[in-house]
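Just below is one structure, and these are the notes that go with it.
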Amino acid sequence: MLIDAHCHLDFSDFDADREAVFARAKNVDVEHFVVPGTMSSRWQNVLALGKRDDVSIGLGLHPYFIEAHREADIEALERALDENDGVIAVGECGIDARFDDTWDQQWHFFNAQLRLAKTRKLPVIIHCVQANDQVAKRLRQLKLPAGGLIHAFSGSPEQAQAFIDLGFVVGLGGAVTYPRAKRLHRAVRSLPDDGFVLETDSPDMPLCGQQGERNEPANVAKVCRQVARLREQSEEAIAAASTQTAARLFSLPLDLDGAR
């Protein structure tokens with residue numbers, strides 16, 4: 001079985017055919033889905049999805065939507081974590097250096113969420129774009145007890161190892177399917193078997209050849225195939241390693257059939 005360790009199935013992109021999206025994923029053995037929250041106004045949609053047996057959820061404040069976040073959202077997140085036992089992680093949160101005009105705001109909200117993850121001993125789902133070294137430095141300072149996921153990793157082998165040494169795993173998605181991603185390919189080959197999970201970031205991060213199309217969790221199978229090629233391992237071995245790592249990271253009580 002496969003797990004999509006990061007997908008935004010609460011987004012309106014899936015409102016017209018969400019059940020069909022689940023069905024297509026399961027047709028290629030994607031049996032479980034981790035859906036992180038991105039902004040307070042969407043948390044109820046995420047929580048509703050979390051009632052499904054095949055979905056696990058996080059709640060967080062994504063840096064891409066920084067203009068929508070308010071100081072009160074931090075307290076609201078704290079309450080939501082306390083009131084919903086089924087939340088398995090804090091996030092999606094993080095730093096996106098492409099938006100340097102909101103750099104200080106991003107760090108403010110990111111640090112607040114890291115502290116919540118630390119006090120609650122929850123893993124954190126991190127969006128990290130062009131800021132691997134800065135984020136790794138902050139995580140080294142905080143020493144988060146439950147580690148987390150560096151979503152959509154695209155850095156070097158050395159940066160990947162720095163995160164792994166801190167108790168994190170890296171998320172491998174559509175970026176690995178692009179021939180030009182040579183540095184990422186080197187990183188993928190260097191990872192330990194328990195250092196990565198597979199993901200799509202649906203509806204975003206389309207695979208090579210699907211640019212401009214909506215991404216969906218069924219594409220985890222294609223990501224698995226490419227990672228297997230890069231690592232010269234079988235698809236079955238990659239699927240098993242990713243599933244076991246995701247289950248460990250997020251404390252997913254999965255049986256061998258993927259049921260929760």
Side-chain angles (χ1 to χ4, degrees), residues 1-38 42 44-58 62 86 88-89 91-92 125 127 149 151-153 170-179 181 188 196-231 233-247 249-250 252-260:
M1 67 167 284
L2 289 159
I3 294 174
D4 188 343
H6 191 110
C7 51
H8 297 285
L9 295 178
D10 62 302
F11 281 15
S12 60
D13 305 67
F14 299 106
D15 284 353
D17 64 342
R18 189 170 282 106
E19 288 305 319
V21 168
F22 277 111
R24 283 192 292 271
K26 293 186 177 184
N27 195 46
V28 290
D29 298 321
V30 185
E31 299 286 351
H32 202 82
F33 312 83
V34 178
V35 178
T38 55
R42 297 205 59 84
Q44 287 303 317
N45 302 70
V46 175
L47 288 164
L49 273 177
K51 295 178 181 178
R52 295 178 56 115
D53 287 343
D54 54 0
V55 172
S56 296
I57 62 168
H62 193 299
I88 61 162
E92 181 174 0
I125 299 170
H127 172 101
L149 167 63
H151 152 64
F153 180 77
V170 300
L172 304 178
V176 303
T177 65
Y178 287 82
V188 170
F196 65 89
V197 295
L198 305 177
E199 59 178 27
T200 63
D201 198 28
S202 300
D204 300 317
M205 284 182 60
L207 280 62
C208 184
Q210 298 179 0
Q211 293 92 322
E213 300 177 17
R214 182 189 70 176
N215 198 3
E216 59 179 73
N219 284 324
V220 166
K222 296 178 181 177
V223 174
C224 180
R225 189 173 306 127
Q226 174 64 359
V227 171
R229 288 176 184 150
L230 290 170
R231 292 173 61 83
Q233 293 175 273
S234 70
E235 292 178 43
E236 292 78 10
I238 296 299
S242 172
T243 295
Q244 290 166 9
T245 298
L249 174 65
F250 295 123
L252 304 179
L254 302 178
D255 63 26
L256 293 178
D257 297 320
R260 188 172 66 162

Quick one: pull up [atom1] in [X] and [atom2] in [Y] and give me the separation to the nearest 0.5 Å.
X	Y	atom1	atom2	answer
E236	C224	CD	SG	8.0 Å
Y178	Q226	OH	CD	12.0 Å
R24	D17	CZ	CG	5.5 Å
T245	L198	OG1	CG	9.5 Å
K222	T200	NZ	OG1	12.0 Å
N219	C7	CG	SG	11.5 Å

Please determine whether the number of non-hydrogen atoms from other residues, nucleotides or ligands lying under 6.0 Å from atom CD of Q44 exceeds 12.
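Not more than 12 within 6.0 Å, no.
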With a 3.5 Å distance limit and no angle check, can you tell me whether [X] reaches the backbone of [Y] through a side-chain donor-acceptor pair?
X	Y	answer
R231	V188	yes
E199	A152	yes
N215	D204	yes
E92	P36	no
S242	I238	no
T243	M1	yes

Mind jotting down which residue pairs meet the salt bridge (charged side-chain N to carboxylate O under 4.0 Å, His left out) criterion with at least one end in residues 1-11? Sequence neighbours excluded, please.
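Applying salt bridge (charged side-chain N to carboxylate O under 4.0 Å, His left out) to every pair that reaches into residues 1-11, excluding sequence neighbours, yields D10-R42.
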On the 0 to 90° scale, with breaks at 30° and 60°, tag the H151-H127 ring pair as parallel, tilted or perpendicular.
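Tilted, since the angle between the ring planes falls between 30° and 60°.
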Parallel, tilted or perpendicular: ring planes of H6 versus H8, cut at 30 and 60 degrees
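Rings of H6 and H8: perpendicular, as their planes differ by over 60°.
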What is the minimum heavy-atom distance between [X] and [Y], and which atoms define it?
X	Y	result
A181	A175	CB-O, 3.7 Å
V28	L2	O-CD1, 3.9 Å
P206	G212	CG-N, 4.4 Å
G37	V46	CA-CG2, 4.0 Å
A246	V197	N-CG1, 3.7 Å

Would D15 and R18 pass as an ion pair if we require N to O under 4.0 Å?
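Answer for the salt bridge query: yes.
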Report the residues that fulfil side chain to side chain donor-acceptor pair (under 3.5 Å) with N27, sequence neighbours left out, ordered by chain and then residue number.
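Applying side chain to side chain donor-acceptor pair (under 3.5 Å) to N27 gives none.
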Indicate yes or no: at least one non-hydrogen side-chain atom of S56 is less than 4.5 angstrom from one of F250.
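No; the side chains remain at least 4.5 Å from each other.
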Is the terminal nitrogen or CZ of R52 (NZ for Lys, CZ for Arg) located under 6.0 angstrom from the six-membered ring centre of F22 and within 45° of that ring's axis?
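Yes.
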Set out, in order, the CA-CA distance, both residues' side-chain angles and the distance that settles side-chain contact (heavy atoms from CB on, under 4.5 Å) for T177 and Q210, then state yes or no.
CA-CA 10 Å; T177 65; Q210 298 179 0; over 6 Å; no
